[in-house]
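Have a look at the structure below, then the notes.
A quick note: this is a predicted structure, and the numbers were derived from the prediction, not measured.
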Amino acid sequence: MSAIYGKPAYWDQATAALAAADPVMAGLIASYPDISLEGRGEVFHTLARAIVGQQISVKAADSVWARFAAHLQKIEAARVLESSVEELRTCGLSARKVEYLYDLAKHQQAGLLDVALWHDLDDEAVIVKLVDIRGIGRWTAEMFLIFYLLRPNVLPLDDIGLLKAIALLYHDGERLPRGDISDLAHNWQPWCTVATWYLWRSLDPVPVEY
């Protein structure tokens, strides 16, 4: 199976089901009628962008990514490996993230990111494959499932933005326990990816492009 580009085929079905099941979702979906998740079909780009965004705000990640992309000029493994540690640190990357990006680039050049072999795996199996790469934990793997494989039912429970949006929209600003969030998400099955995407929009109307 080749990489997926553009709007997921399931998007309209998912938004209709979410709007019918959850009034909050109905309002969010109505507020953003002309945009959707979009597949870019770029493995290295998606994983590198997720590594850059680990454990920092969307705004901070956007700033660091912009400097990183401007330095590389083209987002590809060879350009990362040609860059010095000092050049990458100047982009705003931590020493640890520089190490992770080098390792990811080496995996790409060695042909170890052959995701054609992953399309038939379920979500958890893909996560297991990805976390074997240094610097990729569950959150980064979930971003890959959402933004590259366009899997429809991913709920990234460690995502800061998701947790904040749920607190604001469903619980008067108070963070819900993990179990309560999972219970709430039953209303979104099997379209948790789409629900997550709209919850992110409630915080930042401009979609992040992984």
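Within a 6.0 Å sphere centred on CZ of Arg96, other residues, nucleotides and ligands contribute 12 heavy atoms or fewer. Annotation: Asp122, atom CG; neighbour count of heavy atoms from other residues, nucleotides and ligands within 6.0 Å is above 12.
Under a hydrophobic-cluster definition in which Ile, Leu, Val, Met, Phe, Trp and Tyr are linked whenever side-chain heavy atoms come within less than 4.5 Å, directly or via other members, Leu81 and Val52 are assigned to the same cluster. Ile160 and Leu184 are assigned to two separate hydrophobic clusters, defined by single-linkage of ILVMFWY side chains at heavy-atom distances under 4.5 Å. Hydrophobic clustering (ILVMFWY, side-chain heavy atoms < 4.5 Å, transitive): Val131 and Trp139 are in one cluster. Taken together through direct or relayed side-chain contacts under 4.5 Å among Ile, Leu, Val, Met, Phe, Trp and Tyr, Leu121 and Val115 form part of one hydrophobic cluster.
Here the side chains of Lys7 and Leu37 are not in contact, with every heavy-atom distance at 4.5 Å or above. At a threshold of 4.5 Å between non-hydrogen side-chain atoms, the residues Lys59 and Val64 do not count as touching. Ile29 is listed as a side-chain neighbour of Leu18, based on a closest heavy-atom distance under 4.5 Å. The shortest distance between side-chain heavy atoms of Leu113 and Leu47 falls below 4.5 Å. Looking at Asp22 and Tyr170, their side chains come closer than 4.5 Å, going by heavy atoms from C-beta outward. By the 4.5 Å heavy-atom criterion applied to side chains, Val126 and His119 are not counted as neighbours. Between Thr193 and Leu145 there is no side-chain heavy-atom pair separated by less than 4.5 Å. Met143 places none of its side-chain heavy atoms less than 4.5 Å from the side chain of Thr46.
Distance CD/Glu38 to CG/Leu150: 9.5 Å, rounded to 0.5 Å. The CZ atom of Arg201 sits 10.5 Å away from atom OG of Ser36, with the distance rounded to the nearest 0.5 Å. The CG atom of Leu169 sits 5.5 Å away from the CG atom of Leu28 when rounded to the nearest 0.5 Å. A distance of 9.5 Å separates CZ of Arg175 from CD1 of Ile166, quoted to the nearest 0.5 Å. In this structure, Gln108 CD and Leu112 CG are separated by 9.5 Å, a value rounded to the nearest 0.5 Å. Taking NE2 from His186 and CD1 from Ile181, the interatomic distance works out to 12.5 Å, rounded to the nearest 0.5 Å.
Of all heavy-atom pairs between Leu162 and Pro156, the closest is CD2-O, 3.3 Å. Listed here is the closest heavy atom pair of Ala19 and Ala26: O-CB, 3.5 Å. Counting all heavy atoms, side chain and backbone alike, Arg67 lies closest to Gly92 at NH2-CA, 3.6 Å. Between Ala105 and Ala77 the shortest heavy-atom distance is O-CB, 3.5 Å. Residues Pro33 and Ala30 share a closest heavy-atom pair of CD-O, 3.6 Å. When every heavy atom of Ile35 is checked against every heavy atom of Pro205, the shortest pair comes out as CD1-O, 3.9 Å.
Trp118 is linked by a side-chain hydrogen bond (donor to acceptor under 3.5 Å, both in side chains) to nothing, counting only residues two or more places apart in sequence or in another chain. The side-chain hydrogen bond (donor to acceptor under 3.5 Å, both in side chains) test applied to Gln189 returns Asn153, not counting sequence neighbours. Residues forming a side chain to side chain contact (heavy atoms under 4.5 Å, CB included) with Asp132 (at least two apart in sequence, or on another chain): none. Residues that satisfy the side chain to side chain contact (heavy atoms under 4.5 Å, CB included) test with Ser182, not counting sequence neighbours, are Leu157. Legend: residues meeting side chain to side chain contact (heavy atoms under 4.5 Å, CB included) with Ala60, ordered by chain and number and at least two apart, are Ile56, Ser57. Partners of Ala14 under the side chain to side chain contact (heavy atoms under 4.5 Å, CB included) rule, at least two apart in sequence or in another chain, are Tyr10, Trp191, Val194. With sequence neighbours excluded, the residues forming a ring-ring contact (aromatic ring centres under 6.0 Å, His included) with Phe147 are Trp200, Tyr210, listed by chain and number.
The other members of the hydrophobic cluster of Leu203, by chain and number, are Leu168 (side-chain heavy atoms under 4.5 Å, ILVMFWY only). Members clustered with Val128: none, using a 4.5 Å side-chain heavy-atom cutoff among hydrophobic residues.
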Exercise. Going through the checks in order, is the side chain to side chain contact (heavy atoms under 4.5 Å, CB included) test met by Leu88 and Ser83?
Worked result: CA-CA 7 Å; Leu88 296 179; Ser83 301; 3.8 Å; yes
Problem set entry | Test log, rule side chain to side chain contact (heavy atoms under 4.5 Å, CB included), inputs Leu199 and Met25 | CA-CA 8 Å; Leu199 288 163; Met25 281 292 143; 3.6 Å; yes
For this session: Walk me through it: do Val85 and Tyr102 pass the test side chain to side chain contact (heavy atoms under 4.5 Å, CB included)?
Result: CA-CA 9 Å; Val85 172; Tyr102 279 144; 3.7 Å; yes
Problem set entry | Test log, rule salt bridge (Lys or Arg N to Asp or Glu O under 4.0 Å), inputs Glu124 and Arg138 | CA-CA 10 Å; Glu124 288 302 319; Arg138 186 175 184 88; 2.6 Å; yes
For this session: Just do the side chain to side chain contact (heavy atoms under 4.5 Å, CB included) check on Ile136 and Ile133 with the steps written out, would you?
Result: CA-CA 6 Å; Ile136 295 183; Ile133 301 171; 3.9 Å; yes
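Screening residues 150-160 for salt bridge (Lys or Arg N to Asp or Glu O under 4.0 Å) gives Asp123-Arg151, Asp158-Arg178 as the qualifying pairs, with residues at least two apart or on separate chains. Screening residues 59-98 for ring pair (Phe, Tyr, Trp, His ring centres under 6.0 Å) gives His45-Trp65, Trp65-Phe68 as the qualifying pairs, with residues at least two apart or on separate chains. Every pair passing salt bridge (Lys or Arg N to Asp or Glu O under 4.0 Å) that includes a residue from residues 74-91 is listed here, sequence neighbours excluded: Lys74-Glu76, Arg79-Glu82.
Between Arg49 and Asp62, at least one side-chain nitrogen of the basic residue sits less than 4.0 Å from a carboxylate oxygen of the acidic one, meeting the salt-bridge criterion.
Side-chain N or O atoms of Lys97 include one that pairs as donor or acceptor with a backbone N or O of Gln54 at under 3.5 Å.
A perpendicular orientation is assigned to the rings of Trp11 and Trp197, their planes being inclined by more than 60° (bins at 30° and 60°).
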